[in-house]
Amino acid sequence: MKQPIHGGNLVWAAEQIGCPVSSILDFSASINPLGPPQSVLTAIQWALSTVQHYPDPNYTELRQALSEWHQLPSEWILPGNGAAELLTWAGCELARQKETYVMIPGFKDYWRGLQAFGANIIPVSFPWQSSDALKCVYNVGENDAGIIINNPHNPTGKLFTRETLLPLLERFSLVVVDEAFMDFVDPAQEESLISVIADYPNLIIVRSLTKFYSLPGLRLGYAIAHPQRIQKWKSWRDPWPVNSLAVQAAIAAIKDKEFTEQTREWLSVSRQQLLTGLSQIKGLNTFPNYVNFILVETEIPGSKLQQKLLQKYHILIRDCLSFETLGDRYFRIAVRTSEDNNKLLEGLSDICG
């Protein structure tokens, strides 16, 4: 089986070492280890009785719940089959621009959507460790150019401020901001552009519900954009892209304030535990972080570390071979529970030591 470009492929990992999937400890996918919340599981159980009917094609109840959550009219919101589906339609929009700028290193799936629709892609290697990292795109492009960027940035964990992103909305005719990991950012540090969406018809925001609530198998996401754009996307895509179980799971998830608080408490403690432990291992270097994953610079090639951890400890980390400009000098790990984090630190200490 070909090595995947995404994290979380446990079937591939188990095949590499000839073990059951259940024995793999997954640090390659940045999913909340506390979930799914019990409220969501209860909602799914209740919703089983509804699968004999088609979902509401307008997703009225779900859009209303998201509307209340973000204090936006529901006409500005479109639920999707994970953020991936919505990024496909964003790629279709961007492909209509004269050129589309893509930040590297960055999420490889952006290229899939753009290439599918024949976009003129212009990669921009940006100095992600710099405090002025976006300066490189302030003076590129024309009025009919687009750009796609994620905030917080994957895989570096860098958080762009709202003030550094706003000039892009003046410069580019279409700006797509992937905020898949914004829910993990402390509310006091959050830099979402949702608050300015009504002022910029050229802005598309894509959000995920699968990572924070640990529901990647259900595929849940939503886009926020001008109502005319939302209507256009609805006319393009297949009917009923979000199933009935996912709808009820999403509604229950965003109403579960207790789970949100538990997650923030866990992340604050566990992330620092992991950062402290990594700083004590020879040959590893970490960077300022705001989310639930950590990019690590390594003296031992990241792909080699991945294989050794998998073979000896059944631990899967994410190598960075699919991220341009990073390659084997880095690897990425999710923040998990304290017990799991300790297992990873022990494995890394053994191999690096």
Side-chain angles (χ1 to χ4, degrees), residues 66-67 69-73 75-78 80 83 86-107 109-111 113-114 117 119-128 130-154 156 158-183 185 187 189-208 221-233 290-291:
L66 290 166
S67 169
W69 190 24
H70 290 301
Q71 297 297 294
L72 281 173
E75 292 78 14
W76 291 72
I77 301 170
L78 182 67
L86 300 163
L87 287 169
T88 296
W89 303 125
C92 181
E93 293 265 29
L94 287 165
R96 299 182 174 199
Q97 310 303 308
K98 182 178 179 181
E99 52 198 19
T100 298
Y101 289 80
V102 180
M103 313 294 286
I104 58 173
F107 186 37
D109 212 43
Y110 299 153
W111 292 73
L114 291 168
F117 296 102
N120 177 23
I121 305 172
I122 300 180
V124 179
S125 181
F126 77 109
W128 55 271
S130 168
S131 60
D132 199 13
L134 291 183
K135 186 177 181 179
C136 60
V137 291
Y138 286 157
N139 298 312
V140 299
E142 301 176 5
N143 291 333
D144 53 356
I147 188 170
I148 183 168
I149 189 170
N150 49 5
N151 190 37
H153 185 258
N154 179 20
T156 67
K158 185 179 183 67
L159 182 67
F160 300 112
T161 66
R162 192 176 292 105
E163 287 68 28
T164 60
L165 291 173
L166 289 177
L168 302 181
L169 293 163
E170 303 295 339
R171 178 70 184 177
F172 292 90
S173 60
L174 184 61
V175 178
V176 178
V177 182
D178 176 3
E179 295 186 351
F181 291 97
M182 191 65 78
D183 289 337
V185 178
Q189 298 174 307
E190 190 244 54
E191 297 288 349
S192 174
L193 290 185
I194 291 177
S195 63
V196 301
I197 188 74
D199 299 324
Y200 295 97
N202 62 328
L203 172 62
I204 299 171
I205 298 172
V206 177
R207 303 278 295 228
S208 171
Y222 57 100
I224 301 176
H226 192 280
Q228 289 183 354
R229 196 181 304 277
I230 294 296
Q231 288 300 317
K232 181 167 54 176
W233 287 20
Y290 298 87
V291 285

Does any non-hydrogen side-chain atom of [Y] lie less than 4.5 Å from one of [X]?
| X | Y | answer |
| --- | --- | --- |
| Ile148 | Tyr101 | no |
| Met182 | Leu159 | yes |
| Leu78 | Trp89 | no |
| Trp233 | Glu93 | yes |
| Pro152 | Lys158 | no |
| Met103 | Cys136 | yes |
| Phe117 | Thr88 | yes |

Tell me, yes or no, whether the heavy-atom count around Lys232 atom NZ, taken from other residues, nucleotides or ligands under 6.0 Å, exceeds 12.
yes
Got more than 12 heavy atoms from elsewhere within 6.0 Å of CD, Glu163?
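Counting neighbours around CD of Glu163, more than 12 heavy atoms of other residues, nucleotides or ligands fall under 6.0 Å, so yes.
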Please round to the nearest 0.5 Å and tell me the distance separating atom [atom1] of [X] and atom [atom2] of [Y].
| X | Y | atom1 | atom2 | result |
| --- | --- | --- | --- | --- |
| Arg207 | His70 | CZ | NE2 | 5.0 Å |
| Arg96 | Ser173 | CZ | OG | 12.5 Å |
| Ile224 | Ile194 | CD1 | CD1 | 3.5 Å |
| Phe172 | Asn202 | CZ | CG | 11.0 Å |
| Leu174 | Leu169 | CG | CG | 10.0 Å |
| Ile121 | Leu94 | CD1 | CG | 9.5 Å |

May I ask you to decide if [Y]'s main-chain N or O and [X]'s side chain share a donor-acceptor pair within less than 3.5 Å?
| X | Y | result |
| --- | --- | --- |
| Arg162 | Ser192 | yes |
| Arg229 | Pro201 | yes |
| Tyr110 | Ile149 | no |
| Thr100 | Ile147 | no |
| Asn150 | Ala180 | no |
| Glu179 | Asn151 | no |

Which atoms form the tightest heavy-atom contact between [X] and [Y], and what is the distance?
| X | Y | answer |
| --- | --- | --- |
| Gly221 | Leu86 | C-CD1, 3.7 Å |
| Val175 | Val177 | CG1-CG2, 3.9 Å |
| Pro123 | Ile104 | CB-CD1, 4.0 Å |
| Tyr138 | Thr164 | OH-O, 2.7 Å |
| Asp183 | Ser208 | OD2-O, 3.8 Å |
| Pro105 | Thr156 | CG-CG2, 4.4 Å |

Could you give me the CA-CA distance, side-chain angles and deciding distance for Val185 and Val291, then say whether side chain to side chain contact (heavy atoms under 4.5 Å, CB included) is met?
CA-CA 6 Å; Val185 178; Val291 285; 4.2 Å; yes
Which of parallel (below 30°), tilted (30 to 60°) and perpendicular (above 60°) describes His153 and Phe126?
perpendicular
